[in-house]
Amino acid sequence: DTAGELIRHEVSSRRSWPFRESFALVNRAELAWINFKGKDRSAQRLAVTEKIMLEMQELADTHDARLIILLLNNQDGNGPSLIEFLDSNKLDYVNCDTGTSGPEFSVKGEGHPNGKQNSLWAQCISDYLHAHTS
């Protein structure tokens with residue numbers, strides 16, 4: 001909102017458009033509609049993410065817990081500003097952005113990280129935990 005507070009919206013649902021699986025034009029039109037309907041929320045994604053992380057840190061502090069933010073990739077270009085935010089707010093994080101992308105590191109046909117990418121992230125997390133825990 002205008003005061004910088006998070007507003008929780010009701011859960012919304014929508015039906016997939018008919019024939020989106022059969023016709024690329026229908027699929028493209030549906031994605032354009034989704035992007036149009038959510039453009040205001042999309043523009044706020046970094047600010048919302050930052051606010052949620054601060055709330056998570058407050059909650060962790062309340063329960064004498066340690067919050068560590070895990071950065072897996074920065075494909076949207078928000079990486080440096082997000083890291084600056086974490087540093088300036090003294091939030092612990094581990095940067096596991098391996099700089100890897102593309103077909104070699106993705107499940108064919110869907111783009112999700114594959115086993116090779118997950119193994120790189122697992123090694124990064126393991127290295128961090130070994131170096132920062134007793």
Side-chain angles (χ1 to χ4, degrees):
D1 66 10
T2 56
E5 296 300 317
L6 293 176
I7 298 173
R8 305 211 185 271
H9 296 276
E10 292 293 320
V11 175
S12 61
S13 64
R14 61 172 190 80
R15 291 188 186 271
S16 294
W17 287 17
F19 306 111
R20 73 188 263 287
E21 303 268 333
S22 303
F23 299 104
L25 185 58
V26 173
N27 187 33
R28 187 176 288 283
E30 180 183 21
L31 290 174
W33 175 252
I34 291 168
N35 288 334
F36 172 75
K37 292 295 285 183
K39 70 179 179 182
D40 293 337
R41 289 186 185 184
S42 181
Q44 299 171 354
R45 70 179 180 250
L46 185 58
V48 169
T49 299
E50 291 172 350
K51 183 72 173 167
I52 289 171
M53 288 189 291
L54 291 173
E55 288 184 7
M56 290 169 63
Q57 184 62 60
E58 288 177 18
L59 186 61
D61 291 345
T62 300
H63 294 282
D64 197 29
R66 183 173 176 202
L67 173 68
I68 303 170
I69 308 293
L70 178 60
L71 302 176
L72 298 179
N73 64 34
N74 296 318
Q75 292 177 351
D76 61 359
N78 289 327
S81 61
L82 182 57
I83 290 172
E84 290 169 5
F85 170 82
L86 295 169
D87 287 338
S88 67
N89 286 280
K90 296 178 177 60
L91 296 173
D92 287 336
Y93 67 92
V94 56
N95 188 354
C96 288
D97 183 355
T98 59
T100 54
S101 62
E104 182 182 354
F105 300 97
S106 301
V107 176
K108 185 177 180 176
E110 66 173 63
H112 284 86
N114 65 13
K116 187 173 186 177
Q117 181 64 69
N118 285 320
S119 293
L120 292 171
W121 287 332
Q123 187 61 55
C124 175
I125 295 165
S126 177
D127 292 346
Y128 179 87
L129 291 174
H130 287 298
H132 295 89
T133 59
S134 50

Within the distance-only criterion (no hydrogens, no angle test), does the side chain of [X] pair as donor or acceptor with the backbone N or O of [Y] below 3.5 angstrom?
{"X": "Trp121", "Y": "Leu72", "result": "yes"}
{"X": "Asn89", "Y": "Leu91", "result": "no"}
{"X": "Ser126", "Y": "Ala122", "result": "no"}

Please round to the nearest 0.5 Å and tell me the distance separating atom [atom1] of [X] and atom [atom2] of [Y].
{"X": "Phe85", "Y": "Thr49", "atom1": "CZ", "atom2": "OG1", "answer": "9.5 Å"}
{"X": "Glu50", "Y": "Ser88", "atom1": "CD", "atom2": "OG", "answer": "8.0 Å"}
{"X": "Glu58", "Y": "Thr62", "atom1": "CD", "atom2": "OG1", "answer": "7.0 Å"}
{"X": "Lys51", "Y": "Leu54", "atom1": "NZ", "atom2": "CG", "answer": "7.0 Å"}
{"X": "Leu67", "Y": "Gln57", "atom1": "CG", "atom2": "CD", "answer": "5.0 Å"}

Do the side chains of [Y] and [X] get nearer than 4.5 Å, heavy atoms only?
{"X": "Asp127", "Y": "Val94", "answer": "no"}
{"X": "Tyr93", "Y": "Ile83", "answer": "yes"}
{"X": "Met53", "Y": "Leu86", "answer": "yes"}
{"X": "Leu71", "Y": "Asp97", "answer": "no"}
{"X": "Leu70", "Y": "Cys96", "answer": "yes"}
{"X": "Arg28", "Y": "Phe23", "answer": "no"}
{"X": "Leu6", "Y": "Ile52", "answer": "yes"}
{"X": "Phe105", "Y": "Asn118", "answer": "no"}

Indicate, with yes or no, if [Y] and [X] share a hydrophobic cluster defined by side-chain heavy-atom contacts under 4.5 Å among Ile, Leu, Val, Met, Phe, Trp and Tyr.
{"X": "Val107", "Y": "Leu120", "result": "no"}
{"X": "Trp17", "Y": "Ile34", "result": "no"}
{"X": "Leu82", "Y": "Val48", "result": "yes"}
{"X": "Phe36", "Y": "Leu25", "result": "no"}

What's the shortest heavy-atom distance between Arg8 and Glu55, and which atoms?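 Heavy atoms only, the tightest pair is NH2-OE1, 3.8 Å.
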Shortest non-hydrogen contact between Asn114 and Lys116, atoms and distance: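 Taking every non-hydrogen atom into account, OD1-N, 3.0 Å.
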Taking atom types as modelled, find out whether Gln117 and Ser106 have a side-chain donor-acceptor pair closer than 3.5 angstrom.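 Absent: no donor and acceptor within the cut-off.
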